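Just so you know, these numbers come straight off a predicted model, no measurement behind them.
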Amino acid sequence: MKRATVIGTVVGAVVVAGVAAAIAFAAGGGDAGLAGVGGPSPASSVMAEPSASPSPDRTSPESTVEPQAAATDQPAPGAYVDYSEDALAAAGGTRVLFFHAPWCPQCRALESDILAAGVPAGVTVLKVDYDSRQDLRQQYGVRIQTTVVALDEEGNGTAAFVAYDEPTLAAALSGLGLGG
């Protein structure tokens, strides 16, 4: 009986420490704040780090396709933005939802890869807060963070892939059948 008590106590302490760390990370200005807890809402900020000059693979939801790009039939630059209805409506080309949780190491690894490698031209990756957007999780049948979902023109899911084992954008796009 003593061994079970010790194991239970240790497991409980680990769970409490993990939850406390996740809350401290989110409230302390981690990669993404929790909606309504002092940080920017998931729909209001661009995920790219600020830089002296904007790069073509990191654009804000307010960005639009430049007229010359449309005139030459070149795909729009790739983008990685926070999910919002407006950002989804403004996104052209291939649209991919990325269900991200700030406490998830694989999510952070996938996001780091997206920011480091950039998003391919013609693709918009919309970062969805896994914890606060249960409505979207239910709509697209998402059961685990690091899930990516490809959307058609009407916003219906056409493919889903869990990038948990290999959290890279190339693996995610390949798993969706979009190359990479």
- Query: Can a donor-acceptor pair be found between the side chains of Y164 and E166 at a distance below 3.5 Å?
  - Reply: no
- With sequence neighbours left out, what residues match F161 under side chain to side chain contact (heavy atoms under 4.5 Å, CB included)? V148, A163, L176
- Message: Measuring only between side-chain heavy atoms, which start at C-beta, is L169 closer than 4.5 Å to P120?
- Response: yes
- Between A101 and D131, what is the shortest heavy-atom contact and its length? CB-OD2, 4.2 Å
- Message: Less than 4.5 Å apart, side chain to side chain, heavy atoms only: is that true for Y83 and L136?
- Response: yes
- Message: Hydrophobic clusters here meaning ILVMFWY residues chained together by side-chain heavy-atom distances under 4.5 Å, can you tell me if V142 and V162 are in one?
- Response: no
- Message: Tell me if a side-chain donor or acceptor on R95 pairs with a main-chain N or O of D152 at a distance below 3.5 Å.
- Response: yes
- Message: Is the shortest side-chain heavy-atom distance between P167 and T146 below 4.5 Å?
- Response: no
- Query: For Q138, what residues pass the side chain to side chain donor-acceptor pair (under 3.5 Å) criterion, not counting sequence neighbours?
  - Reply: none
- Any side-chain heavy atom of L88 sitting closer than 4.5 Å to one from L126? yes
- Can you name the nearest heavy-atom pair linking R108 to P102, along with the distance? NH1-O, 3.0 Å
- Identify the two heavy atoms, one from G93 and one from E153, that lie closest to each other, and give their separation to 0.1 Å. O-OE2, 4.3 Å
- How would you list, by chain and number, every residue that makes a ring-ring contact (aromatic ring centres under 6.0 Å, His included) with F99, sequence neighbours excluded? none
- Minimum-distance pair of heavy atoms, taken over all atoms of V81 and T124: CG2-CG2, 4.2 Å
- Item | Distance, nearest 0.5 Å, that separates SG of C107 from CD of Q145 | 5.0 Å
- Contacts of T94 meeting side chain to side chain contact (heavy atoms under 4.5 Å, CB included) (sequence neighbours excluded), chain-then-number -> V96, V123, L178
- Message: Could you check whether any side-chain heavy atom of Y130 comes within less than 4.5 Å of a side-chain heavy atom of H100, counting everything from C-beta outward?
- Response: no
- Message: Within the structure provided, determine whether L151 and T158 are in side-chain contact (heavy-atom separation under 4.5 Å).
- Response: no
- Taking only residues two or more places apart in sequence, or in another chain, which ones meet R137 in a side chain to side chain donor-acceptor pair (under 3.5 Å)? none
- Side-chain donor/acceptor of D129 to backbone N/O of R133, under 3.5 Å: no
- Does D165 have any side chain to side chain donor-acceptor pair (under 3.5 Å) partners at least two apart in sequence or in another chain, and if so, which? none
- So, do V128 and F98 sit near enough that their side-chain heavy atoms are less than 4.5 Å apart? no
- Using a 4.5 Å cut-off on heavy atoms from C-beta on, say whether the side chain of E111 contacts that of K127. yes
